[in-house]
Amino acid sequence: MPDSKILIIDDEWESAIVKAVQRRLQDEGWQTIIVQPQSQWLVGDEFEDATIYAIEDERPDGVLLDVRLGEHRDDQFKGLEILRQIVEHYPTLPVLMFTQYAQGPARDTAVRGALRWNAPVDFIDKLASPEEVVLRLRRLMGSSPELIPIGAHLLVDVGAETVSARRERDSALAPVTDIHGMKFEIFRELAAAWYRSPGELVPFSRLERYSEGEEARASLRVRIREIKVSIGKALGVQLGANDLIVNVRDRGYRLAPPQV
Amino acid sequence: MPNLRNSLSWSLPRASLRPVGPGGVSRLLGTVVLALGAAGMVLAPFVGEAMFARIWGIEPLTYVGAALVILGLAVTTLSYFVSELLRSRRQAADDETRFAERWTQVTQQYFDLFNHDLGRPLRRILGKEREIREQLQAMGADVPSSVRELLDEIEEQTPSFRLMMSNMQVLIELETPITGENLHAVEPVEVVRRIVDRYGLVAADASKQIVWWSEPTDFGIVYSDSSAIEHIVTNLVDNTVRYAESFAEIGLTRDESNFHIRVWDDGPGIAARYLPYLFDRGWTPEVARHEERTTSGLGLFIAHTLAKRYGGDLTVESTIAPDPDHHTCFMVTLPLHTKPGRKSGEPVA
């Protein structure tokens, strides 16, 4: 979801680990705004005020919020207080809690306390990789974007129903002409699952909806082979059995970005 | 942080405020009988001789009085001891629960403190490692594979550290009895997805593939403890990614009364003679082979204990065979609890 705005509230905003996450969010095409209290004293209350003002001013699409804001004992769970306010005033705003306490009592307290079970709130611990943070935010903010980039070489445009590949000769993106109709639907289904969760397998039963005839499985296999040939041709490579669309133990298919 | 000794002490229950129970009633009766007996014994000598002559059996009044005294004393004493015994047993059980809760609370506070303090230097190390990686990439220089491997090693240790801290937290929580409050609406699919997010990159770095699926695709919600499910599956996946040769698979299924999480890997398999010890606390394959331990041996113990604690089970099936038939498969089964307020057997999703 390019052009999305993410608000980052963390008392360690200058640390390398938060900077690495911020850079990864920017690579994703998201704009990042770091909330810094005006006061020189980094106490929880300052963060609370600054966060609420920032949400009103910036109208972000997602929030990355630290649980512990400051070293004082009272600020140990300040982030949860801010979270309650966000859920109360902006119930649809996705919030990813950035914490040392990703599991256990803190999360349970928060979930059981002010939150509904289906509130768009999730917890992730601070040692998570930036890729993990991006995956969680993607899912919180909605898992069906209009444009799905698959690695650096492929782009699925859901609205226009096109798959574009980066040409070898000039590195420009050009539509793969013969992927449309049911073939596009199959590829879109695989791309959406991969975007949500790279390890997710799409079962045959879900993909066979886009096949015709009595031999749905065989028809699906043919369409998958045709998709791979078309994309391989556009990329200037030959895609093997374990490239791009992989059959997993005769249970379903999953996408693997091509290594060109 | 409160003082441990003070935190673990508690005041004795004030017996005087306790309402009168069955012990009190029988003690009251015993006292009345005792008083009647004593009165009989005291009055007997004052009754005139004439009356003794006329009323047959007045003499036995003394014996009856004495017998009532003995009976009254016995009832009073017995009721006192019985009620004391019951009270002390009840108090011991209450104290034990209160102690376990306080112990968990205090240990949890210490753990949170250490977790935060340990996490700080680790976050710095990890942050710097990621910065070095980005700077090397920005320089466009050919990074020697040995340097890349060193950086990868730091990154790969992170999920292990996260799991170790979670396991410590679970060990603390296991000391407290569970209550119905632990159960809430959970999407098992989302829990599995999170775990694969975490281990997918580690698996990819080790040229292994990790996939997951659910049947039905729209799995829905269950009433369970998401934290417990996450601990169980994380420990199994951590284990499976370590021992898989090239492929690991997690599958979610459900039937009328349970849901199942199957964690499969194409690893070399576990010898049948080791399987009975697999869920023992501290047991690892290295222990059996008298080698240096590479893991704590707590993961499978915790997963098994948690599954049992929530009314489910964890089983294992493993085959040592020539390629490609060797594998290990763990199967977690957990009950589909009903939502609080629903009748048992009513669908939850």
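The sequence lines fix the lettering, A, B, ..., with proteins before strands; numbering per chain opens at 1.
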Q: Rounded to the nearest 0.5 Å, how far does CD of B:Glu190 lie from CZ of A:Arg196?
A: 10.0 Å
Q: Check whether B:Arg193 gets within reach of chain A through its side chain, its backbone, both or neither, counting any heavy atom under 4.5 Å.
A: both
Q: Between B:Leu201 and chain A, which part of the residue has a heavy atom less than 4.5 Å away: side chain, backbone, both or neither?
A: side chain
Q: Below 4.5 Å, heavy-atom pairs only: which of A:Gly252, A:Ser197, A:Ala20, A:Pro198 has the largest tally toward chain B?
A: A:Ser197
Q: How many angstroms lie between atom CG of B:Asp197 and atom CD1 of A:Ile124, to the nearest 0.5 angstrom?
A: 7.5 Å
Q: If I compare all heavy atoms of A:Pro203 with all of B:Thr217, which pair ends up nearest, and what's the gap?
A: CG-OG1, 4.1 Å
Q: With sequence neighbours left out, what residues match B:Phe301 under ring pair (Phe, Tyr, Trp, His ring centres under 6.0 Å)?
A: none
Q: Would you mind reporting whether B:Arg194 and A:Glu132 have side-chain heavy atoms less than 4.5 Å apart?
A: no
Q: Which bit of B:Arg130 comes within less than 4.5 Å of chain A, counting heavy atoms only: side chain, backbone, both or neither?
A: side chain
Q: What is the distance from atom CZ of A:Arg251 to atom CD of B:Glu249, rounded to the nearest 0.5 Å?
A: 5.0 Å
Q: Taking the basic N atoms (NZ, or NE/NH1/NH2) and the acidic carboxylate oxygens, is any pair closer than 4.0 Å for A:Arg139 and B:Glu187?
A: no
Q: Could you tell me which residues satisfy ring pair (Phe, Tyr, Trp, His ring centres under 6.0 Å) with B:Phe247, sequence neighbours excluded, listed by chain and number?
A: none
Q: Under a 4.5 Å heavy-atom cut-off, does chain A meet the side chain of B:Val196, its backbone, both or neither?
A: side chain
Q: Under a 4.5 Å cut-off applied to non-hydrogen side-chain atoms, are A:Glu200 and B:Trp213 in contact?
A: no
Q: Counting only non-hydrogen atoms closer than 4.5 Å, does A:Ser129 touch chain B with its backbone (N, CA, C, O), its side chain (CB onward), both, or neither?
A: both
Q: Please round to the nearest 0.5 Å and tell me the distance separating atom CZ of A:Phe123 and atom OG of B:Ser227.
A: 11.0 Å
Q: Kindly compute the distance separating NZ (A:Lys126) from CZ (B:Arg120), expressed to the nearest 0.5 Å.
A: 9.5 Å
Q: Of the non-hydrogen atoms in B:Leu126 and A:Leu127, which two are nearest, and what is the gap between them?
A: CD2-O, 3.7 Å
Q: Can you confirm whether more than 12 heavy atoms, excluding those of B:Arg124, are under 6.0 Å from its CZ atom?
A: no
Q: How long is the span from the CD atom in B:Glu131 to the CD1 atom in A:Ile17, to the nearest 0.5 Å?
A: 11.0 Å
Q: Give the minimum heavy-atom separation between A:Ala16 and B:Lys128, together with the two atoms involved.
A: CB-N, 3.9 Å
